[in-house]
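One structure is given here, and the rest of the page talks about it.
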Amino acid sequence: MGYFLEKYFIWRLMDEVNDCGDYLFIKYKNNEDKIYFNNIKNVHFNSGASPQKVTLCLIKHSTFGKEIVFSPIRPKFVWYDYKKNEIVDSLIARVSAIKLKSSA
């Protein structure tokens with residue numbers, strides 16, 4: 001049972017996610033892909049998980065499927081994990097701004 005839980009919750013985390021301005025550059029094992037912000041439908045942040053996880057739901061499939069899951073960088077000296085993450089807040093704001101711009 002532990003094997004399957006770990007496979008679902010930990011192994012599917014991306015190895016590297018870098019913000020490159022208009023897109024996110026993502027690496028997982030030997031695969032790489034660019035996810036443009038206009039392809040992101042929804043951003044979900046689970047601060048209660050260990051490790052904390054961000055799930056990007058995509059409009060169009062990427063190399064890694066329709067969902068991208070990664071663990072964001074956390075500040076070094078955090079005594080509590082339920083606080084919002086500034087990196088994630090920025091990501092959500094940018095995706096929302098693109099949605100508003102495209103709907104106008």
Exercise. Which residues pass the side-chain contact (heavy atoms from CB on, under 4.5 Å) test with Ile92, sequence neighbours left out?
Worked result: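 Residues passing side-chain contact (heavy atoms from CB on, under 4.5 Å) with Ile92: Val43, Val88, Ser96.
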
For this session: Would you give the length of the straight line joining atom CG of Asn39 to atom NZ of Lys66, rounded to the nearest 0.5 angstrom?
Result: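 If I round to the nearest 0.5 Å, the distance is 8.5 Å.
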
Problem set entry | side chain to side chain donor-acceptor pair (under 3.5 Å) partners for Ser90, two or more places apart |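 Here no residue qualifies.
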
Exercise. How would you list, by chain and number, every residue that makes a side chain to side chain donor-acceptor pair (under 3.5 Å) with Asn46, sequence neighbours excluded?
Worked result: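 With neighbours one apart ignored, the set is empty.
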
Problem set entry | Worked check of side chain to side chain contact (heavy atoms under 4.5 Å, CB included) between Phe37 and Leu91 | CA-CA 9 Å; Phe37 285 102; Leu91 181 62; 3.2 Å; yes

So, do [X] and [Y] sit near enough that their side-chain heavy atoms are less than 4.5 Å apart?
X: Leu58; Y: Ile40; value: yes
X: Phe70; Y: Leu56; value: yes
X: Ser102; Y: Asn38; value: no

Problem set entry | salt bridge (Lys or Arg N to Asp or Glu O under 4.0 Å) against Lys27, all qualifying residues, sequence neighbours excluded |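 Checked Lys27 against salt bridge (Lys or Arg N to Asp or Glu O under 4.0 Å); matches are Glu32.
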
Exercise. Taking Ser71 for the side chain and Gln52 for the main chain, is one N or O donor matched with an acceptor at less than 3.5 Å?
Worked result: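 Indeed, once roles are kept as given, a pair shorter than 3.5 Å links the two residues.
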
Exercise. Is a donor on one side and an acceptor on the other found under 3.5 Å between the side chain of Asp33 and the backbone of Thr63?
Worked result: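 Yes, the answer is positive, given that a donor and an acceptor are paired below the 3.5 Å cut-off.
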
For this session: Check whether Val54 and Ile98 end up in the same hydrophobic cluster, where Ile, Leu, Val, Met, Phe, Trp and Tyr are linked by side-chain heavy atoms less than 4.5 Å apart.
Result: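 Yes, because Val54 and Ile98 connect within a single hydrophobic cluster, where side-chain heavy atoms sit under 4.5 Å apart.
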
Exercise. Same cluster or not: are Tyr28 and Phe25 linked, directly or through other Ile, Leu, Val, Met, Phe, Trp or Tyr residues, by side-chain heavy atoms under 4.5 angstrom apart?
Worked result: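 Tyr28 does not cluster with Phe25.
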
Exercise. At their closest point, which heavy atom of Cys57 faces which heavy atom of Glu67, and how far apart are they?
Worked result: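 Result for this residue pair: SG-OE2, 4.1 Å.
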
Run the side-chain donor-acceptor check on residues 13-24: report pairs under 3.5 Å with partners two or more places apart or on a different chain.
residue	atom	partner	partner atom	Å
Asp15	OD2	Lys29	N	2.6
Glu16	OE2	Asn18	ND2	2.6
Asp19	OD1	Gly21	N	3.0
Asp19	OD1	Arg94	NH1	3.4
Asp19	OD1	Arg94	NH2	3.2
Asp19	OD2	Arg94	NH1	2.3

